[in-house]
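See structure below.
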Amino acid sequence: MQEPLTLEDVNHLVKQRIEKFEAMKDELGVRHFPNTYRKDTDISAFAASYGEKTAEDLQEIETVHFFAGRVMAVRSFGKASFIHFQDATGRLQAFFEKAKLGEDSYALFRKLDIGDIIGLWGAPIKTRTGELTVYVEGFELLTKSFRPLPEKWHGLKDMDIRYRQRYVDLIVTPEARSTFLARTKIVSAIRAYMDGNGFVEVETPMMQTIAGGATAKPFLTHHNTLDMDLFLRIAPELYLKRLLVGGFERVYEINRNFRNEGISTRHNPEFTMIEFYQAYADYTDLMRYTEEMISSVAQQVLGTMKVTYQGQPIDLTPPWQRYTLKDATVDLGGVPRDAMEDREKALAFCRARGLEPEGNESLGELQLLIFESTTEDKLAGPVFVTSYPTEVSPLSRKNTEDPSIVDRFELFIVGREIANAFSELNDPFDQYERFARQIEKKEEGTSELDEDYIRALEYGMPPAAGEGIGIDRLVMLLTDSPSIRDVILFPLLRKGDLS
RNA sequence: GAGCCGGUAGCUCAGCCGGUAGAGCAUCGGACUUUUAAUCCGGUGGCCGAGGGUUCGAUCCCCUCCCGGCUCACCA
């Protein structure tokens, strides 16, 4: 914990502001952290109303608007001053004039600091340079800011501070604000799209006794009263499919998953996925659905289906390319076809490439290994990769013609997996065997066999397809953000030192 | 978990072969009634990430640790 601010605070800039605030209260009768102030105009609305008007037009407008916001820049000339202040909707210039405000009020204004939150009111004018401005008739200090903001020109570059003190980042980095607003819009648009297609949003347990539905190490926690260990979920999948058994035909959940794995520019321990399940649909239906949804979300939020990610142009206009895993690996990854068809040759290929297989892998596992190491990053996409090996897809329905593969696809864009979907395995006996095999192989993250899920399947789950889309990664793509930490407001970091 | 890079004033950054700390912005004082990174003059401000070592002397060299970034591994 940090010490509360005191006059002894080592930072002289903070000390100065505290003293200034005390003086304002004592000498200038400033209210102490007032609660009530009624603003009636957002900056964006003000700009929309008057932005196009000429200086002459505005001279005739005497309507007084009440604003509130944070002081971001001050340019002072003795008896008159300009500031910029910002609210949630934008940034606006205000003109403070001694002749207009009077001696006392102007003296108070001169004591304001960058970062202070003020209420101010006045009528619109345009300055000589044509900038829409409030001609201030009065103002009030609403909240004193005791800590100095980063400088106006270079802004905040230190990633550590940007992530740890996101509030500062949001104040001074317009791109951060717009990225997080875009994230909100993207999630809203997805939700609207799902709702519009008859999907029902549900919430399933975050705390689970068996962490199933994916292969990843879970976080462990404990309930005291029940004296029971619990896992934070790694996926909602098995619960959502229980709902299909229960009679919901289209369900989705947008929420957090927790995976106790490494951290990188593409991985945060808690991340957001949408998972959705549709009865009486198969994975090919979901390919069409996915390309329609993502492209229309892009159109809605960005106004275009053509985006650029880190300099790389991507066209999200459907339909998207489709490739089997084997063909993609051969055609795009440049892997000889027999290395994808013969286990011994696959093993030899892996060893030759330094992939260090353990030697007991099945052909399917080797195929995935080869695909991931040679081909994934070449999938600029958007491209659907289908026909995954059965061994690496424990929850997917086997293909009817070829049981060595499953009816599954993953969506890749700029070499990254954005979505994973498949026709659901609803044969309880097959499912039991595949679970048992996973347990047998002691796959990491497989805690124990979820017998209740098998029991649910025994009641009968309708034929269905389901999909998970990584929201954070989708937002990265659509906001051109290089790191997942740029699209998560408060990414997980080590406990930092406040100094 | 491994490798590489980084941490110097509130912020953004310099700091040479080891000689005891600098700039811009912010801040404080002064001038200034239409500025746009306002301008001009003068100041304040530093546990040089932490600890240890080498040295007459360490921001600088060595070791350990902490925090961050990137790449890789695990994963999505």
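- Here, B:rU64 and B:rA23 have their C1' atoms 34 Å apart, quoted to the whole Å.
- For the residue pair A:Glu275 / A:Tyr277, a side-chain donor-acceptor distance below 3.5 Å is found, with atom types taken as modelled.
- Separation of atoms OH (A:Tyr388) and CZ (A:Phe422) is listed at 11.5 Å; rounding is to 0.5 Å.
- Across the P atoms, B:rC5 and B:rC11 are found 25 Å apart, a figure rounded to whole Å.
- In this view, A:Tyr289 and A:Tyr193, A:Phe199, A:Phe276 satisfy the ring-ring contact (aromatic ring centres under 6.0 Å, His included) rule, not counting sequence neighbours.
- Nearest nucleotide to the A:Ser264 side chain, out of B:rU33, B:rA73, B:rA26: B:rA73.
- Pairs passing the salt bridge (Lys or Arg N to Asp or Glu O under 4.0 Å) check and including a residue from residues 75-85 of chain A, sequence neighbours excluded, do not occur.
- Residues passing the ring-ring contact (aromatic ring centres under 6.0 Å, His included) test with A:Phe96, sequence neighbours excluded: A:Phe109, A:Phe139.
- A:Arg177 is linked by a salt bridge (Lys or Arg N to Asp or Glu O under 4.0 Å) to nothing, counting only residues two or more places apart in sequence or in another chain.
- Take A:Phe258 and apply the ring-ring contact (aromatic ring centres under 6.0 Å, His included) test, not counting sequence neighbours, and it matches no residue.
- A gap of 24 Å separates the P atoms of B:rG68 and B:rC62, to the nearest Å.
- Against RNA chain B, the stretch residues 72-81 of chain A makes heavy-atom approaches under 4.0 Å through A:Arg75, A:Ser76, A:Phe77, A:Gly78, A:Lys79, A:Ala80.
- Applying the salt bridge (Lys or Arg N to Asp or Glu O under 4.0 Å) test to every pair with at least one member in residues 410-422 of chain A, sequence neighbours left out, gives these pairs: A:Arg408-A:Glu410.
- The aromatic ring of A:Trp153 does not sit over the base of B:rG24; the criterion of centres under 5.5 Å apart with planes under 30° is not met.
- Annotation: salt bridge (Lys or Arg N to Asp or Glu O under 4.0 Å) contacts involving residues 472-490 of chain A, sequence neighbours excluded, comprise A:Arg183-A:Asp472.
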- line: Its contact letters, B for base, S for sugar-phosphate only and - for none at protein heavy atoms under 4.0 Å, make nucleotides 6-15 of chain B read ----BBSS--
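- A search for ring-ring contact (aromatic ring centres under 6.0 Å, His included) contacts involving A:Phe271 returns nothing, not counting sequence neighbours.
- The salt bridge (Lys or Arg N to Asp or Glu O under 4.0 Å) check on A:Arg91 picks up nothing, with sequence neighbours excluded.
- With hydrogens and angles ignored, no donor-acceptor pair closer than 3.5 Å exists between the side chain of A:Glu131 and the base of B:rU35.
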query: Which string of ( ) [ ] | and . matches RNA chain B, if you list each base 5' to 3' and count Watson-Crick or G-U pairs only when both distances are under 3.5 Å?
result: (((((((..((((.....[..)))).(((((.......))))).....(((((..]....))))))))))))....
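- Side-chain N/O atoms of A:Arg164 include one lying less than 4.0 angstrom from OP1 or OP2 on B:rG68.
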